[in-house]
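All remarks here apply to the structure that follows.
Everything numeric in this text was worked out from a predicted model, so none of it was measured. Below, each value reflects all heavy atoms present in this structure, side chains not excepted, and no hydrogens, waters or symmetry copies. Both counts, for ligands and for their atoms, begin at 1 and track the order of listing.
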Amino acid sequence: MAGGDGLFVRNTWYVCAWSDEVGARPLQRWICGEPIVLWRRSDNRVAALADRCPHRDAPLSLGSVVGDDLQCGYHGLRFDADGVCVGVPGGERVPSGACTRAYPVVERWGWVFIWPGSADLADPALIPDYHWKDDPAWTGKGETLPVKAGYGLLRDNLLDLSHAHFVHRQTLATDGVIEFPIVTEVHDDRLTVLRDMHDIAPSPFFRRMGGFTGNVDHRQEIVFTPPGNIVIKLRVADAKQANHVVEMRVLNALTPETENTSLYFWSLVRNTSLDDSQLTDWMFEANRSTFDEDVAVIEPQQAMLERAPPPARPIRWSVDKGVTQAQRWVQRLIAEEAGNAGSV
Ligand code: FES
Ligand SMILES: [Fe+2]
């Protein structure tokens, strides 16, 4: 496709589904404001087409999978995984040019990644690293959270964990998160936000998850890969007993559905007590409660932005360093795709 629309980074991979969501029944998703239909073919590969029949605009996801093709549920045109119309009811000749757009998709680590930009730029080597999701040395689980807010607000939330002190009183809050400063680093392909907290009281979550009774040393390293990939690496060690340590990864794939709505794919994994399914379930529920606390702030934040324009010069201080750098980075990528890189 030519040029960007100024709203989204399109030449990138976004998570669009969990592998087990995609089968022989069509699944609709909206990605970057575009309707997309996914299904799985007999050779197990996932196909993705524009979810709009080129005949009369019916969503193809209302149709059905026939063989390896998708048949529109309105008048029965059939499309293959390349989006080419391969059958007309009654055996009539296929009208010339009858096709719909196909999107590159790659399945990896239990997620399905889609490239909404120019198909010839879709290099699987650019898929962001979420290998912990199905690495046998790690275990955990996650889900998809539909959020009525732009994905940028989720990204900002995850890049500044100082909010934990106020938003996550019941789960992640520790005083250390606002007392210890952050260090940000920008690399070619990622931005990191590091906070090292020493000899602090563990949050309610870590007290239970790691069995800590006294103070801990807690390292948070947030790794951001634009536009919406965030891996939070957490390490908590007993402040007096350094070999009592737990590590976790919070895997966050933020996908824009539309300008004002997102799909938040997350998974929480740990590298200890791998066989303890009760711990997995408890961590999952605790993390879900934590994200519900975030959404309870972010959706009203989105509503506020839609109803009243934000101030021209928002207040910034030290906690905003990572957020600001990530915002500028994404704006630059969007401008580059729109062909006016000089304007940002
Ligand atoms: S709208 Fe799809 S075949 Fe008519
Ligand atoms: Fe949060």
inquiry  = Show the atoms of ligand 1 that are less than 4.0 angstrom away from any heavy atom in R56.
reply    = 1 (S)
note = Note: heavy atom closest to atom 4 (Fe) of ligand 1, options R52, H75, Q71, belongs to H75
ask   = Does the shortest distance from atom 4 (Fe) of ligand 1 to an N/O/S atom of C72 fall below 2.8 Å?
value = no
message = Tell me whether K133 forms a cation-pi arrangement with W138, defined as NZ or CZ under 6.0 Å from the six-membered ring centre and within 45 degrees of its axis.
response = no
query = Out of the N/O/S atoms in H55, what is the name of the one closest to atom 4 (Fe) of ligand 1?
reply = ND1
query = Given atoms NE2 of H163 and OD2 of D294, what angle do they subtend at the Fe ion (ligand 2), to the nearest 10 degrees?
reply = 140°
ask   = Hey, does the Lys NZ or Arg CZ of R155 hover above the aromatic six-ring of Y151, less than 6.0 Å from the centre and inside 45° of the axis?
value = yes
key: NZ/NE/NH1/NH2 to OD/OE distance under 4.0 Å, E21 and R29   = yes
ask   = Hey, is there an N, O or S on C53 sitting under 2.8 Å from atom 4 (Fe) of ligand 1?
value = no
ask   = Should the pair E337-R332 be classified as a salt bridge under the 4.0 Å nitrogen-to-oxygen rule?
value = no
task = Run the numbers for me: atoms of ligand 1, each under 4.0 Å from some heavy atom of Y74, listed by number.
result = 1 (S)
query = Would you call the rings of F180 and H198 parallel, tilted or perpendicular if under 30° counts as parallel and over 60° as perpendicular?
reply = perpendicular
ask   = Is the distance between the ring centroids of W266 and F291 less than 6.0 Å?
value = yes
